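Structure record follows, encoded as structure tokens.
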Amino acid sequence: MPKDVAIIGVGQSAFSRKYSGSVREMVFEAFAEAVRDAGITPKDIDASLVCSAPEYDKQRSPAGLIAEYLGLNPQPTFVLENICASGTSGVRVAYSLIKAGLHDIVAVIGFQKMSEISSAESQERMGRGADIMWEAPFGTMMPAYYAMHAQVHFARYNTTEEDLALIRVKASKYGAINDRAVFRKELTVEQCLSAGVVSSPLKVYDCCANADGASCLILANAARAKEASSQPVWILGLGAASATMNLTGRQFLDGLQVTRLAARQAYRMAGLSPRDVDVAEVHDCFTIAELMAYEDLGFAEPGRGKELIREGQTYIGGKIPVNVDGGLLSKGHPIGATGGSQVRTIVLQLRGEAGPMQVPGAEVGLVQNIGGVGIYSNVIILGR
Amino acid sequence: MPKDVAIIGVGQSAFSRKYSGSVREMVFEAFAEAVRDAGITPKDIDASLVCSAPEYDKQRSPAGLIAEYLGLNPQPTFVLENICASGTSGVRVAYSLIKAGLHDIVAVIGFQKMSEISSAESQERMGRGADIMWEAPFGTMMPAYYAMHAQVHFARYNTTEEDLALIRVKASKYGAINDRAVFRKELTVEQCLSAGVVSSPLKVYDCCANADGASCLILANAARAKEASSQPVWILGLGAASATMNLTGRQFLDGLQVTRLAARQAYRMAGLSPRDVDVAEVHDCFTIAELMAYEDLGFAEPGRGKELIREGQTYIGGKIPVNVDGGLLSKGHPIGATGGSQVRTIVLQLRGEAGPMQVPGAEVGLVQNIGGVGIYSNVIILGR
Amino acid sequence: MGFEKFGRKSYTAQTKVAEFVDRLAQGEICATRCRSCGRIYFPPRADCSFCLGDAMEWVKIPETGKLASFTRVYYAPAGFEADVPYTLALVNFGDVKVFGRLSSAVEESTIKIGMDLKPIVLEMPDGQITYEFIPVEECGR
Amino acid sequence: MGFEKFGRKSYTAQTKVAEFVDRLAQGEICATRCRSCGRIYFPPRADCSFCLGDAMEWVKIPETGKLASFTRVYYAPAGFEADVPYTLALVNFGDVKVFGRLSSAVEESTIKIGMDLKPIVLEMPDGQITYEFIPVEECGR
Ligand SMILES: [Zn+2]
Ligand SMILES: [Zn+2]
């Protein structure tokens with residue numbers, strides 16, 4: 001189990017429907033929190049990565065602007081993009097820059113400000129995150145793609161709309177106690193089932209909300225981590241994979257092959273197995289995505305993810321608590337900020353600082369972050 | 001002098017005013033050439049980085065699309081962006097992924113297809129690559145920013161418009177013999193001086209042309225490099241720096257501090273000095289940029305870059321041949337593809353395969369690649 | 001040029017496989033096959049990622065396929081608002097799978113994964129051209 | 001909101017420093033100063049990158065500055081075509097530098113790096129508001 005690179009500071013802005021300032025100001029909130037958390041100053045940071053998807057706001061090449069605003073010149077900085085998986089790709093690259101010896105301390109900054117355009121416009125942009133020649137011309141969007149996965153899962157395994165509703169109910173319970181979440185109401189199964197259909201079988205509450213938000217992680221090599229932090233959280237395992245952008249190239253739709261591959265790599269690197277994981281953050285952009293993650297990450301056999309949620313095993317106190325911060329469904333999904341927020345949650349859990357969301361005694365945590373509809377997947381295993 | 005990571009394959013599409021196919025097809029040309037050059041197959045590639053600036057074409061998250069088209073699934077892939085310096089940031093990250101032990105062989109793919117929008121639209125997008133709050137509202141664009149650098153250089157060092165014309169004349173001489181270049185005509189000093197003013201003192205021929213194009217580099221660790229290639233070209237030094245996006249934060253305008261810092265890092269890592277460099281590719285998006293690079297890279301003292309070009313010392317046969325493939329000025333500047341193209345030129349030089357552009361006996365080469373107006377700079381030193 | 005006519009709204013005009021649209025106008029839905037290694041690709045492409053060859057030929061996709069998955073969309077992205085609700089579908093034709101829309105005439109309750117479908121060409125009033133899938137029963141077989 | 005009124009064409013509506021535009025409308029061009037560490041910033045900002053504080057106060061920039069560099073633009077990006085030619089300038093006011101345009105009334109041949117300039121507020125016919133620089137001689141001093 002390698003202990004070469006650690007996370008020594010985490011920060012996150014409140015996720016909101018409509019942030020009232022500029023991108024740079026929103027990012028500053030997450031950054032200042034992470035730097036204070038790490039007990040360092042901006043000058044200690046040797047490089048920064050900015051994780052974000054373009055075309056939601058007007059600033060191009062945000063790395064340069066953000067490095068200026070955060071006082072991170074003249075250190076190197078660049079933009080990394082894997083749509084919704086950008087933040088954890090940032091962790092992978094920051095790990096590499098440090099392990100390769102190029103830098104000692106690297107900041108991974110994620111942000112998205114989605115409220116400057118309409119919801120239909122943002123769906124159009126998400127549609128152009130699929131193949132613009134062969135899929136977008138039909139009017140594709142994220143809920144539709146995930147709905148097509150749900151249809152196959154339903155048909156093959158008798159998963160039901162109630163199972164998906166149970167996942168949203170869990171998310172809403174934890175969202176209600178997370179003061180950084182955008183959606184703070186508790187929902188019932190009935191409310192979820194009676195909501196309008198977005199793309200069958202997915203209904204309004206099966207879908208996460210667009211949000212504005214920022215996150216920041218500070219990574220350091222072993223020497224600097226031990227010096228700066230009393231509780232470094234180590235990167236034990238990393239996995240990453242890609243799939244064809246076109247659905248026509250996928251072997252199956254009742255799970256995500258990218259997550260299976262990324263998880264296998266991460267478990268192998270960490271020398272751990274699914275049952276060693278005490279708490280997990282998975283990419284629940286839609287309820288079906290969380291259900292597939294249970295199976296793809298090995299928490300349940302294929303087709304048996306529904307039993308985990310039916311039995312309440314993914315709540316705190318269950319076999320494998322998942323998204324006990326509300327997940328993307330309740331926290332909100334500011335694309336570039338999402339991966340960093342997931343990692344932050346696990347870091348706080350492993351430090352025992354997760355407050356009302358704490359999983360008692362958590363020692364090993366896992367993050368799974370997806371870009372697009374199973375185009376990219378990153379799996380990260382963290383430990384004390 | 002480290003010999004841990006090598007470049008084992010290089011490829012480039014012809015750069016053109018208007019590529020008649022799609023982005024994926026253009027990228028394929030560079031990729032197929034690089035893979036054949038490396039003597040490997042796509043399945044040997046463990047990860048790919050796609051270097052490009054968004055908003056010139058409609059495809060979002062091009063990494064996923066390109067990985068599919070090139071047969072690079074299920075390996076990880078992601079987009080890296082530093083505007084015009086994206087390609088060499090790709091080299092830095094690929095180096096790190098390999099050196100960190102995550103991957104053995106990584107493909108760095110760069111592309112830009114700029115012909116789908118008008119020139120005024122592309123200048124508007126470039127303008128939004130500066131601070132959209134405090135600079136873009138005044139109608140900024142790349143030629144204007146570089147022109148402001150030229151004004152200071154002229155005032156401080158008595159550099160003249162003729163000096164800049166001499167740089168373009170050199171570029172045109174080598175562009176004429178480079179069959180991948182977009183601008184193949186030879187120009188005279190008189191033609192350069194009599195051309196229309198774009199942004200004073202820069203005239204039409206002081207500016208590189210937008211172009212469509214793609215590049216590809218294949219990097220490998222030492223073991224795989226020695227196995228696959230009879231002539232690996234080693235990454236000896238890497239440097240990278242950033243500056244404030246706003247000109248208001250710059251200490252001086254008669255040079256680029258980012259290049260000075262990046263060059264210092266790269267020379268130190270390689271254990272070499274400017275006089276050890278046999279051939280260089282510098283970021284001549286404008287003639288003044290090449291002149292400043294002479295000084296910032298240490299080929300001339302500050303203010304004395306003009307003597308190098310007046311004496312012809314940056315031609316083949318001179319003290320330090322620079323951009324003897326025509327540079328961005330004649331080759332064209334397809335933003336995301338540019339850094340990879342620069343590296344390709346140096347790799348061919350160090351292998352002795354540069355044809356009519358060959359610098360006899362070149363053993364050490366240098367690449368300098370800038371993003372925006374001195375926002376980002378990468379310097380890479382390569383050796384046999 | 002030419003590819004801008006494909007679909008409700010195209011985002012790409014230029015591609016080496018623009019002939020797909022011409023063939024569509026003649027009622028044919030085609031994949032491409034690599035002349036060197038024989039691999040068949042849908043979406044059609046100009047280059048083979050397996051053997052790196054670029055000699056491709058057009059081949060018609062099979063007459064009928066089976067529905068692999070679908071969804072009925074009630075909320076559209078910008079530019080597609082006039083079409084809702086519409087049904088997106090992935091259809092398996094054996095050698096290739098094809099993504100597109102199911103005819104809006106098909107009732108959602110009658111849609112079943114595995115059902116037999118046939119692609120037809122559809123010219124839209126604004127001159128755009130596309131294809132959609134209809135149940136095999138309905139086309140009179 | 002409010003910041004969309006700044007400049008020929010604004011790309012941002014929301015910022016914590018939108019008060020800059022209100023002050024501009026009152027004839028003041030302001031920087032911000034960090035109440036904790038005293039650093040002065042132009043462009044104005046809501047947060048201090050030195051001490052990480054977010055308590056800022058507005059301070060007027062000095063009356064006159066010196067031209068640090070300039071260029072006369074003859075070819076404009078999309079949205080600025082009507083303005084050409086125009087002159088971009090960077091002016092050094094000591095504590096801060098300010099980027100903007102030089103008045104179009106100034107002949108290019110009279111522009112010299114180091115010349116004394118004074119910023120004035122400019123309201124445009126379409127309601128946009130900005131500032132530009134004019135030579136100190138011309139404003140009657
Ligand atoms: Zn083939
Ligand atoms: Zn301060």
Side-chain angles (χ1 to χ4, degrees), chain A residues 55 117-157 195-204 206-207 210 244-255 286 288 373, chain C residues 3-15 17-18 20-21 31 41-45 49 67-93 95-102 108-109 111-114 128-132:
Chain A
E55 295 193 51
I117 56 176
S118 73
S119 173
E121 283 171 333
S122 79
Q123 287 299 339
E124 188 264 357
R125 280 157 183 67
M126 290 182 203
R128 287 195 285 107
D131 187 345
I132 59 163
M133 281 180 66
W134 300 102
E135 288 189 353
F138 293 102
T140 56
M141 54 171 191
M142 289 298 118
Y145 285 114
Y146 272 100
M148 292 174 79
H149 285 72
Q151 293 284 6
V152 178
H153 206 280
F154 282 20
R156 179 160 179 194
Y157 296 117
V197 177
V198 174
S199 194
S200 68
L202 300 181
K203 295 176 286 300
V204 169
D206 289 306
C207 308
N210 290 348
T244 60
M245 194 171 244
N246 283 279
L247 284 197
T248 54
R250 310 286 178 89
Q251 294 304 306
F252 51 88
L253 293 182
D254 52 333
F286 298 94
I288 181 66
V373 185
Chain C
F3 202 75
E4 71 284 355
K5 289 190 65 177
F6 180 61
R8 155 62 62 219
K9 182 178 171 180
S10 171
Y11 300 94
T12 315
Q14 295 180 309
T15 167
V17 293
F20 178 81
V21 176
Y41 292 100
F42 195 96
R45 33 153 82 213
S49 59
L67 183 65
S69 191
F70 72 99
T71 183
R72 186 113 168 130
V73 176
Y74 291 87
Y75 175 84
F80 297 87
E81 296 88 345
D83 294 1
V84 285
Y86 52 87
T87 303
L88 296 171
L90 181 68
V91 181
N92 193 338
F93 289 89
D95 279 341
V96 296
K97 295 195 198 86
V98 179
F99 186 92
R101 284 194 195 169
L102 208 57
E108 187 171 3
S109 61
I111 304 172
K112 292 277 176 295
I113 288 177
Q128 291 295 102
I129 186 163
T130 186
Y131 54 79
E132 64 177 24

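Being a predicted model, the structure only gives us computed values, none of them experimental. Labels below follow one simple rule: chain letters A, B, ... track the order of the sequence lines, proteins then strands, and each chain is numbered from 1.
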Worksheet entry | Beyond-backbone contact of C:Arg45 with A:Trp134, side-chain heavy atoms, under 4.5 angstrom | no

Fill in: chain A contact via C:Tyr41 - which portion, at a heavy-atom distance below 4.5 Å
neither

Worksheet entry | Proximal component of A:Ser119, with respect to chain C [non-hydrogen, under 4.5 Å] | both

Discussion item. Below 4.5 Å, heavy-atom pairs only: which of C:Val17, C:Thr87, C:Val98, C:Val73 has the largest tally toward chain A?
Written reply: C:Val73

Worksheet item: Considering only heavy atoms from C-beta outward, does the side chain of A:Gln123 approach that of C:Phe80 to under 4.5 Å?
Response: no

Fill in: Interface moiety of C:Glu108 toward chain A, non-hydrogen atoms closer than 4.5 Å
side chain

Worksheet item: Which pair of heavy atoms, one from C:Ser69 and one from A:Met148, lies closest together, and at what distance?
Response: OG-O, 2.6 Å

Worksheet item: Nearest 0.5 Å, what's the NE2-OG1 distance between A:His149 and C:Thr71?
Response: 12.0 Å

Fill in: A:Arg250: partners by salt bridge (Lys or Arg N to Asp or Glu O under 4.0 Å), with sequence neighbours left out
none

Worksheet item: Is there a side-chain contact between C:Arg72 and A:Val197, using heavy atoms and a 4.5 Å cut-off?
Response: no

Discussion item. Taking the side chain as everything from C-beta on, heavy atoms only, tell me whether C:Phe6 gets closer than 4.5 Å to A:Met133.
Written reply: no

Worksheet entry | Proximal component of A:Ser118, with respect to chain C [non-hydrogen, under 4.5 Å] | neither

Discussion item. Among A:Ala136, A:Pro143, A:Gly127, which residue has the highest count of heavy-atom pairs closer than 4.5 Å to chain C?
Written reply: A:Ala136

Worksheet item: Which region of C:Val96, side chain (C-beta onward) or backbone (N, CA, C, O), has a non-hydrogen atom less than 4.5 Å from a non-hydrogen atom of chain A, or is it both or neither?
Response: neither

Response to the item:
Contacts of A:Arg125 meeting salt bridge (Lys or Arg N to Asp or Glu O under 4.0 Å) (sequence neighbours excluded), chain-then-number -> none

Fill in: Engaged part of C:Pro85 at the chain A interface, taking heavy atoms whose separation is under 4.5 Å
neither

Worksheet item: What heavy-atom pair brings A:Leu247 and C:Leu90 nearest, and what distance separates the two atoms?
Response: O-CD2, 4.1 Å

Worksheet entry | C:Tyr11 to A:Glu124 - nearest heavy-atom pair and separation | CE2-OE2, 3.5 Å

Worksheet item: Roughly how far apart are A:Leu253 CG and C:Lys97 NZ, rounded to 0.5 Å?
Response: 7.5 Å

Worksheet item: What pair of heavy atoms forms the shortest contact from A:Ala120 to C:Ala76, and how long is it?
Response: CB-O, 4.2 Å

Fill in: Test item: C:Phe99 and A:Thr140 side chains (from C-beta on) under 4.5 Å apart, heavy atoms
yes

Item to complete: Can you tell which part of A:Ala144 gets under 4.5 Å to a heavy atom of chain C, answering side chain, backbone, both or neither?
Response: both

Practice prompt. Could you tell me how the ring of C:Tyr131 sits relative to the ring of A:Phe138: parallel (under 30°), tilted (30 to 60°) or perpendicular (over 60°)?
Written response: tilted

Item to complete: State, with a plain yes or no, whether a side-chain heavy atom of A:Pro137 is found less than 4.5 Å away from one of C:Thr130.
Response: no

Worksheet item: Looking at OH of A:Tyr145 and CG of C:Leu88, how far apart are the two atoms once the value is rounded to the nearest 0.5 Å?
Response: 8.0 Å

